[in-house]
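Working notes, beginning with the structure itself.
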Amino acid sequence: MTPQQTEQFFAILAAADPEPRTELLYDTPFQLLVAVVLSAQATDAGVNKATPALFAAAPGPAEMVALGEDRIRDLVKTIGLFNTKAKNVHALSAILMQQYGGTVPETREALQALPGVGRKTANVVLNVAFGQETCAVDTHIFRVANRTGLAPGKTPDAVEDALMAVIPPAYRRHAHHWLILHGRYICIARRPQCWRCPVAALCAYEPKTPAPLP
DNA sequence: ATCCCGAGGG
DNA sequence: CCCTCTGGAT
């Protein structure tokens with residue numbers, strides 16, 4: 001994709017959502033962090049169902065530590081990989097209390113040192129909670145970057161590097177948001193909805209899928 | 001490369 | 001019934 005096409009690509013996605021909300025959907029960076037840790041290999045619907053009760057019981061890291069691993073596990077039972085996730089959420093909360101005064105650190109290194117937090121989760125927190133110009137390459141963005149030809153790469157890390165190299169400065173802050181929504185609702189894994197895709201003309205994916213018969 | 005591991009969709 | 005879903009650690 002040429003730089004002009006890349007510019008157009010983002011201009012079109014941005015036009016669909018010109019002023020993405022910058023307020024957190026969760027009350028605090030801590031709750032966002034926990035929600036993203038829980039979202040690994042899980043559906044967003046499953047996480048959205050479990051988090052209200054979890055955060056009602058433990059809104060911050062102090063309460064999460066007090067709640068204890070067993071009760072956390074109980075509250076996230078309906079999500080896959082719940083054993084690992086309960087352990088990580090509890091351990092991570094304890095570290096925030098011990099090392100960061102109960103706050104969420106704002107650097108990639110500190111975030112990635114937390115249990116259950118890898119590069120993708122760290123990048124989401126940095127972007128969504130702290131407004132940094134990072135792009136978290138999850139399966140949605142990995143697929144969109146490769147399928148469209150926007151920023152091809154064989155590994156998520158390679159795609160992230162490619163994205164950071166091609167995203168025009170004006171779009172860097174919200175590129176993550178626009179790309180993930182595009183992947184979630186239009187450029188779907190099984191059956192991309194090319195017939196209603198706003199960037200189909202710029203996309204390398206072939207054959208473009210036709211609209212389903214009524 | 002393998003394990004973790006429930007819910008929902010096709 | 002089989003597969004995927006906003007991964008991370010070993």
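Please read all numbers here as calculations on a predicted model, not as lab measurements. Chain letters run A, B, ... following the sequence lines, proteins first and then strands; every chain starts at 1.
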NA contact type, A:Gly116, heavy-atom cut-off 4.0 Å: base, sugar-phosphate, or nothing?
sugar-phosphate

At the 4.0 Å heavy-atom cut-off to chain A, mark where contacts on DNA chain C begin and end, going 5' to 3'.
C:dT4 to C:dA9

Heavy-atom count check: over 12 atoms from other residues, nucleotides or ligands less than 6.0 Å from A:Glu19 CD?
no

Quiz: residues 123-130 of chain A side-chain donor-acceptor pairs under 3.5 angstrom, not counting sequence neighbours:
from: A:Asn123; atom 1: OD1; to: A:Arg108; atom 2: NH1; distance (Å): 2.6
from: A:Asn123; atom 1: ND2; to: A:Arg119; atom 2: O; distance (Å): 3.4
from: A:Asn123; atom 1: ND2; to: A:Glu160; atom 2: OE1; distance (Å): 3.3
from: A:Asn123; atom 1: ND2; to: A:Glu160; atom 2: OE2; distance (Å): 3.2
from: A:Asn127; atom 1: OD1; to: A:Arg173; atom 2: NH1; distance (Å): 3.4
from: A:Asn127; atom 1: ND2; to: A:Gln132; atom 2: O; distance (Å): 3.1
from: A:Asn127; atom 1: ND2; to: A:Thr134; atom 2: O; distance (Å): 3.0
from: A:Asn127; atom 1: ND2; to: A:Arg173; atom 2: O; distance (Å): 3.2

Does a side-chain N-to-carboxylate-O contact under 4.0 Å join A:Asp70 and A:Arg73?
yes

Report which part of the nucleic acid A:Ile188 touches: base, sugar-phosphate, or nothing (heavy-atom distance under 4.0 Å, all strands).
nothing

What residues, two or more places apart in sequence or in another chain, satisfy side chain to side chain donor-acceptor pair (under 3.5 Å) together with A:Arg196?
A:Gln193

How would nucleotides 5-10 of chain B be written as a contact map, 5' to 3', with B for base contact, S for sugar-phosphate-only contact and - for no contact, using protein heavy atoms under 4.0 Å?
BSS--S

Who passes side-chain contact (heavy atoms from CB on, under 4.5 Å) against A:Leu181, sequence neighbours left out?
A:Asp17, A:His177, A:Tyr185

Solution key, residues 93-100 of chain A side-chain donor-acceptor pairs under 3.5 Å, sequence neighbours excluded:
from: A:Ser93; atom 1: OG; to: A:Val89; atom 2: O; distance (Å): 2.7

What is the nucleic acid contact for A:Ala189, judged by heavy atoms within less than 4.0 Å: base, sugar-phosphate only, or nothing?
sugar-phosphate

Look at all strands and tell whether A:Val47 reaches a base, only sugar-phosphate, or nothing, counting heavy atoms closer than 4.0 Å.
nothing

